[in-house]
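First the structure, in the form of structure tokens, and then the observations on it.
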Amino acid sequence: MSQEENKGSVVTETQTRTRIKRPRMYRVLLHNDDFTPREFVVLVLQHVFHLSEAESTKLMVYVHTNGVGVVGIYPFSVAETKVAEVREAAEKARYPLICSMEPESDGDEEGDA
């Protein structure tokens, strides 16, 4: 096609939009035990999860009363790092404090309410 033939024509382009899927999130859980001092748990919550003293104390009491509590929800690598930091601090202090992580449900899985 010459430039003269192209003057009155409309050129359409197809654009492809890529949707980025959000990363799967993981709950970081703190588990109660009968040996780790409450003060140590509060300090770990403050230093690893950057919670205030009041938030840390409230969460520590919740975990102590209910057996387990969600400390935060993070992408996999962040959750994995937080769990490792808690385990390292507990081992260094010789306490059996347990911190774990589990995938947050998408709502698409069977059995989700």
Side-chain angles (χ1 to χ4, degrees):
M1 210 184 270
S2 71
Q3 285 186 355
E4 287 180 22
E5 292 174 0
N6 199 17
K7 280 185 179 178
S9 62
V10 176
V11 178
T12 59
E13 266 184 42
T14 304
Q15 289 184 346
T16 304
R17 290 188 182 185
T18 305
R19 285 193 168 206
I20 299 173
K21 189 174 180 182
R22 297 182 96 183
R24 185 160 196 183
M25 301 299 277
Y26 290 79
R27 284 189 284 264
V28 175
L29 307 171
L30 193 63
H31 303 265
N32 185 52
D33 66 70
D34 294 330
F35 304 101
T36 305
R38 293 179 178 197
E39 296 79 14
F40 179 78
V41 175
V42 170
L43 285 174
V44 166
L45 291 171
Q46 288 177 289
H47 291 284
V48 176
F49 297 95
H50 309 289
L51 300 177
S52 69
E53 185 175 357
E55 291 170 318
S56 297
T57 301
K58 184 177 179 180
L59 185 55
M60 176 275 300
V61 170
Y62 180 88
V63 169
H64 181 73
T65 304
N66 295 288
V68 66
V70 177
V71 184
I73 300 173
Y74 306 96
F76 179 82
S77 60
V78 176
E80 186 177 47
T81 300
K82 299 281 187 191
V83 169
E85 288 178 24
V86 172
R87 287 181 181 165
E88 185 178 311
E91 285 176 13
K92 188 175 181 180
R94 297 180 166 240
Y95 293 125
L97 183 62
I98 297 172
C99 187
S100 65
M101 60 189 260
E102 66 182 17
E104 187 173 45
S105 63
D106 300 351
D108 297 334
E109 300 170 11
E110 284 185 40
D112 284 348

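We number each residue from 1, following the sequence as shown.
- Atom CD of Glu102 is surrounded by more than 12 heavy atoms from other residues, nucleotides or ligands within 6.0 Å.
- Pairing each heavy atom of Phe40 with each of Ala93, the nearest pair is CE1-CB, 3.6 Å.
- Taking CZ from Arg38 and CG from Leu43, the interatomic distance works out to 14.5 Å, rounded to the nearest 0.5 Å.
- Taking CD1 of Ile73 as the reference point, atom CZ of Arg27 lies at 6.5 Å (rounded to 0.5 Å).
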Derivation of the side chain to side chain contact (heavy atoms under 4.5 Å, CB included) call for Asp33 and Ile98: CA-CA 8 Å; Asp33 66 70; Ile98 297 172; 5.8 Å; no
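- Annotation: the span from His50 atom NE2 to Ser56 atom OG amounts to 11.0 Å, rounded to 0.5 Å.
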I'd like a table of donor-acceptor pairs (distance under 3.5 Å, sequence neighbours excluded) in which one partner is a side-chain atom from residues 74-89, with atom names and distances.
| residue | atom | partner | partner atom | Å |
| --- | --- | --- | --- | --- |
| Thr81 | OG1 | Ser77 | O | 2.8 |
| Lys82 | NZ | Val48 | O | 2.8 |
| Arg87 | NE | Cys99 | O | 3.4 |
| Arg87 | NH2 | Cys99 | O | 3.2 |

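- Of all the heavy atoms in Tyr95 and Pro37, the pair that sits closest is CE2-CD, 3.2 Å.
- Annotation: the span from Leu30 atom CG to Leu97 atom CG amounts to 5.0 Å, rounded to 0.5 Å.
- Tyr26 and Val70 fall into different hydrophobic clusters, where Ile, Leu, Val, Met, Phe, Trp and Tyr residues are linked whenever their side-chain heavy atoms come under 4.5 Å apart, directly or through other members.
- One distance of note links CZ of Arg94 with OG1 of Thr36; it measures 14.0 Å at 0.5 Å rounding.
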Residues Val68, Asn32; criterion side chain to side chain contact (heavy atoms under 4.5 Å, CB included); working and verdict: CA-CA 6 Å; Val68 66; Asn32 185 52; over 6 Å; no
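- Counting only heavy atoms from C-beta outward, the side chains of Phe49 and Leu59 never approach each other to under 4.5 Å.
- Remark: Glu55 pairs with no residue by the salt bridge (charged side-chain N to carboxylate O under 4.0 Å, His left out) rule, at least two apart or across chains.
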